[in-house]
Amino acid sequence: MSASRVLIAAWLGLGLLSVSSVLLGNAGVGLLLAAAVLLSAFAKAWLIADNFMHLRHAPPLWRWLLLGWPLVLGALVLLTLWLQRSTAL
């Protein structure tokens, strides 16, 4: 597949993931929905890092650092939501 087709596919994927994030965010409140929105955000970060920042061909350390950061932030957000929920009961 040519580079332009890969970028167009990544752009379409970003659009679909953005729409799915909005739909999931408007579906209600809950830890599972928050996890789904954060998973969608991680998938968008992966698409951007690999395709638009060209980290697919970069040294593995840079790729893991840039993909690990959204995972750490997502885990912290979920931990915060879980702690808030457990202390509110």
Side-chain angles (χ1 to χ4, degrees):
M1 192 182 292
S2 69
S4 61
R5 288 181 189 241
V6 170
L7 291 177
I8 290 171
W11 183 78
L12 289 173
L14 286 169
L16 289 173
L17 286 168
S18 295
V19 169
S20 71
S21 294
V22 170
L23 293 175
L24 285 170
N26 289 327
V29 177
L31 198 58
L32 192 58
L33 284 172
V37 171
L38 289 171
L39 184 64
S40 175
F42 175 74
K44 289 192 288 186
W46 172 66
L47 281 173
I48 290 169
D50 270 1
N51 295 302
F52 295 103
M53 296 174 70
H54 303 288
L55 286 179
R56 181 179 297 161
H57 307 293
L61 175 64
W62 284 108
R63 191 172 185 208
W64 285 111
L65 284 174
L66 278 170
L67 292 178
W69 183 245
L71 282 177
V72 169
L73 288 179
L76 287 174
V77 168
L78 286 177
L79 178 65
T80 303
L81 290 173
W82 180 72
L83 287 173
Q84 178 188 11
R85 183 177 176 195
S86 65
T87 57
L89 298 176

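All values derive from a computational prediction rather than experimental measurement. Counting from 1, the numbers follow the sequence of the chain as shown.
- When all heavy atoms of Arg63 and Arg56 are compared, the pair lying nearest together is NE-CA, 4.4 Å.
- Side-chain contact check for Trp46 versus Asp50: some heavy-atom pair is nearer than 4.5 Å.
- Annotation: side chain of Leu76 is in contact with side chain of Val72 (closest heavy-atom distance under 4.5 Å).
- Connection of Leu24 to Phe42 is not established within any shared hydrophobic cluster, with ILVMFWY side chains joined at heavy-atom distances below 4.5 Å, either directly or through further cluster members.
- Here Phe52 contributes atom CZ and His54 contributes atom NE2; the two are 8.5 Å apart, rounded to the nearest 0.5 Å.
- Atom CH2 of Trp64 and atom CG of Leu71 lie 9.0 Å apart (nearest 0.5 Å).
- Hydrophobic clustering keeps Val37 apart from Leu16 (ILVMFWY residues linked when any side-chain heavy atoms are closer than 4.5 Å, directly or through intermediates).
- Residue Leu38 belongs to a hydrophobic cluster whose other members are Leu31, Val77, Leu78, Leu79, Leu81, Trp82, Leu83, with links defined by side-chain heavy atoms closer than 4.5 Å.
- Arg5 places a side-chain heavy atom less than 4.5 Å from the side chain of Ser2.
- Leu47 and Leu7 end up in the same hydrophobic cluster when Ile, Leu, Val, Met, Phe, Trp and Tyr side chains are linked at under 4.5 Å.
- Under the 4.5 Å side-chain criterion, counting only non-hydrogen atoms from C-beta, Lys44 is not in contact with Pro70.
- Heavy-atom minimum distance, Ala43 versus Leu17: CB-CD1, 3.7 Å.
- In this structure, Leu39 stands alone, with no Ile, Leu, Val, Met, Phe, Trp or Tyr side-chain heavy atom under 4.5 Å from its own, directly or through other members.
- A single hydrophobic cluster is not seen to contain both Leu65 and Met53; linkage of ILVMFWY side chains at heavy-atom distances under 4.5 Å, directly or through other members, places them apart.
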